[in-house]
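Shown next, in structure tokens, is the structure this report addresses.
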Amino acid sequence: MLRSHTCGQLRAAHIGQTVRLSGWVNRVRNHGGLAFVDLRDRYGLTQVVLDPQAAPAAFAGGSDLAAEWVVAVEGLVRARPEGQTNVDMATGEVEVLVQSLTVLNPSQVPPFEVAREINVDDSQRLRYRYLDLRRTRMRRNLLLRHQITAFVRAFLNDEDFVEVETPILMKATPEGARDFLVPSRVHPGKFYALPQSPQQLKQLLMVAGLDRYYQIARCFRDEDLRADRELEFTQVDMELSFVEAPDIMALNERLFLDLVKSVTPELRIRQEPFPHISFHEAMERYGSDKPDMRFGLELTDLAPALAATAFRVFASTLADGGRVKAVAAPQTFTRREIDELEALMKELGAAGLAWLTREAGGESRGSVAKALTAEEQGAIFELTGAQPGHTVFIVAGHAALVAKCLGRLRQDLARRLNLIPEGELCFAWLVEPPLFEWNEDQGRWNSVHHPFTAPDPRDLALLDSDPGQVRAMAYDVICNGYELGGGSIRIHDRAIQQRVFALLGLSAEQTESQFGHLLRAFDFGAPPHGGIAWGLDRTVAILAGESNIREVIAFPKSLSAVDLLTGAPSSVPIEDVHILGLRLAASDPPDASAALPATG
RNA sequence: GGGGGCGUGGUGUAGCGGUUAACACGCCGGCCUGUCAAGCCGGAGAUCGCGGGUUCGAUCCCCGUCGCUCCCGCCA
């Protein structure tokens, strides 16, 4: 071993021992006649002292040291002098008086300072990710991620779950996101797809009698990236047999609660047990299917106040079946702030943002202060609970647009008004989502979740008469405005499955070619089953207090889907393309393969 | 595919139609025996992302482009 202890280990109890430490030079403080070096490894920092009187050779050798050199030292643990202990350091009571020093590997001057906790340009961090990962923030996040996966495995193992790996090379599926395709060399013109999730396989495992399956599974979706979306991400995926929705929700709720109490006990859980809110209610009250419920600012329907309004914009919206809704904020706004908010609304597709500030003595001002009667304004203030000095923001339009705009406005106002409590987690279950949504482009129904989600038995009759009203036996777990995950009870009844496929516009031939394997399995005794999958990256990010999942992924892609560390995606020799039975499109440079970039 | 923000020594920032392009950290040299963001002195280091345009003059204004980023579309 090149060390006897780690750099985070030594305490007063070790005083008098001779130890060997290895690590990176975090910082050097050279006083000329005496030098201090902070040695760093994953476990912490230890101050080592180079004293020419104690070890002239080590002192001489140490005069070259610079940040990020890898060194080993051997020396004596001793108490720091009176008044020199460092209370901010776990090892701050002691130091190591170096007797010998070995440079294991020098370092170039790093492109950014590892030891300083400053913002560094993202592309720089990704290009030198191995240096970024040495920094406190990323080390902390990766360790938290490990604690979370370790906890999840222990919890589920203890609940009799079996961890099963499923293939990465899969069959392409038409539903859902765009697949990553992998051409087959053995079968030219045919493709594997990387899994968007192990959905079908985990259902087959239920047919196989595994009873309880889980996997910390990598998933792939070829869609544009966001702060909370990567090309590849990790799901905690599980499926259970002989259960009903409340069983799955209860198990996962217990998992989340125990997890938070175990790995981030400093975070408060706002409400426990988790509140349940229907999809419909979430859209009505918060304008979102993943509302951040750490603050109020709920949406108000203004229709009752505007039943007979002469203001054309609102009257015609209501007459056309649209909605006029509002968010009330407990303060006034400057013209500039209102312009910013209106610009945001227009960006999202709203025609405009109406506003009304209530003033003392029944007065008001705002963009619709003259367009609405005193009675209408009074009713609006009444409905929204706006007091004098408060401002009501109003958006009119079709229901989905109003929800999108006000849901976002609510979030934006909460941030501006500093209404979002720190260190708090507000979990909730979002229940009773619709089973289908109408696909305008293709003129047919789409599954909201996936085609195997069971309809609520209470709504079976609606499958034929009004599919849009059918509720799904599905549930999402949300937290602080993020969708952490979702799941459902699956269809195990062949007849219902076929009615769903029919509604999705799938012919018998398409059903057979796309899902035949699954349906055949269900003909051999499928147990009632259901499951859930939740996003590990988002969960870690929330618990780490990060707003971007790249901060909790060791080697993420940039937002433009490029791996800045390795240079992927890259060109390949054209023969490698041809051997797969592929030809590049004519618009591509014919010698694209010649541009194989040097790695590193 | 669309919209917004950012791009200035190695790093993080300031600046602005005419500057010797400023500051901090880092780096290099010197001094320094109790520091822990060590200190003090000195120094090097920037064709202001790239291309074009406007202008007597552009780091600054305009257009295009590239990179990072946030959002819409897309995606559960």
Side-chain angles (χ1 to χ4, degrees), chain A residues 26-39 45-54 59 66-68 80-89 91-92 95 97 108-128 131 175-179 196-197 199 219-231 233 235 289-290 340 343-350 401 404-405 408 411-412 430 433 437 441 446-450 453 474 476-478 482-488 532-535 538 547-548 550 557-562 564:
Chain A
N26 196 57
R27 213 174 243 126
V28 180
R29 293 177 294 280
N30 193 339
H31 290 223
L34 185 73
F36 300 94
V37 176
D38 291 334
L39 212 56
L45 288 171
T46 300
Q47 172 167 288
V48 304
V49 183
L50 298 170
D51 185 338
Q53 316 225 295
F59 182 81
E68 305 312 316
R80 294 199 185 185
E82 190 73 27
Q84 303 284 339
T85 61
N86 185 340
V87 292
D88 297 327
M89 253 172 125
T91 61
E95 61 192 11
L97 179 63
Q108 289 184 14
V109 176
F112 52 84
E113 293 165 67
V114 172
R116 280 182 93 210
E117 296 191 44
I118 52 163
N119 283 330
V120 176
D121 180 68
D122 280 299
S123 54
Q124 204 71 227
R125 293 178 59 199
L126 293 175
R127 207 178 314 280
Y128 298 96
L131 296 181
E175 291 280 325
R178 190 175 298 117
D179 280 323
Q196 297 179 25
S197 78
Q199 181 60 39
C219 305
F220 305 84
R221 291 177 189 163
D222 188 7
E223 298 290 350
D224 288 349
L225 290 75
R226 284 281 198 288
D228 61 350
R229 278 170 22 200
E230 271 276 317
L231 296 181
F233 60 100
Q235 282 188 345
D289 60 358
K290 45 180 189 291
E340 286 171 4
L344 177 67
M345 294 299 97
K346 285 182 167 168
E347 209 175 290
L348 296 177
L401 180 72
K404 182 168 87 172
C405 290
R408 175 69 174 274
Q411 197 77 38
D412 199 82
L430 192 98
E437 64 190 349
D441 298 339
N446 273 3
S447 291
V448 170
H449 195 57
H450 56 64
T453 299
D476 283 353
V477 57
I478 63 176
Y482 289 91
E483 181 202 323
L484 286 187
S488 64
I532 191 170
W534 44 274
R538 289 181 186 174
S547 56
N548 191 308
R550 285 188 291 272
K557 310 277 183 289
S558 76
L559 202 74
S560 54
V562 170
L564 293 170

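Letters A, B, ... mirror the listed sequences (proteins, then strands); counts begin at 1.
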[N] to [M] separation - [atom1] atoms, rounded to the nearest Å:
| N | M | atom1 | result |
| --- | --- | --- | --- |
| B:rU47 | B:rG4 | C1' | 30 Å |
| B:rG15 | B:rG45 | P | 25 Å |
| B:rC71 | B:rG26 | P | 35 Å |
| B:rC60 | B:rA14 | C1' | 14 Å |

key: Residues that A:Lys290 engages under salt bridge (charged side-chain N to carboxylate O under 4.0 Å, His left out), provided they are two or more places apart   =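 A:Lys290 satisfies salt bridge (charged side-chain N to carboxylate O under 4.0 Å, His left out) with no residue once adjacent residues are dropped.
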request  = Determine the contact category for A:Asp224: base if any of its heavy atoms lies under 4.0 Å from a base atom, sugar-phosphate if only primed atoms, P, OP1 or OP2 are that close, otherwise nothing.
outcome  =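 Result for A:Asp224 = base.
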inquiry  = Mind checking if A:Val448 touches a base, just sugar-phosphate, or nothing, with heavy atoms under 4.0 Å?
reply    =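 Base, at least one base atom sits under 4.0 Å.
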key: Residues A:Asp51, A:Leu97; criterion side-chain contact (heavy atoms from CB on, under 4.5 Å); working and verdict   = CA-CA 7 Å; A:Asp51 185 338; A:Leu97 179 63; 3.8 Å; yes
query = Hey, where on RNA chain B does chain A first and last touch, going 5' to 3'? Cut-off is any atom under 4.0 Å from a heavy atom.
reply =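 The contact span of chain A on RNA chain B goes from B:rG1 to B:rA76.
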Quick one: does [X]'s side chain get under 4.5 Å of [Y]'s, heavy atoms only?
| X | Y | answer |
| --- | --- | --- |
| A:Asn548 | A:Asp228 | no |
| A:Arg29 | A:Gln47 | yes |
| A:Leu231 | A:Phe220 | no |
| A:Leu45 | A:Met89 | yes |

message = Need to verify one output field. Residue with the more 5' nearest nucleotide on RNA chain B, A:Ala227 or A:Asp476?
response =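 Closer to the 5' end of RNA chain B: A:Ala227.
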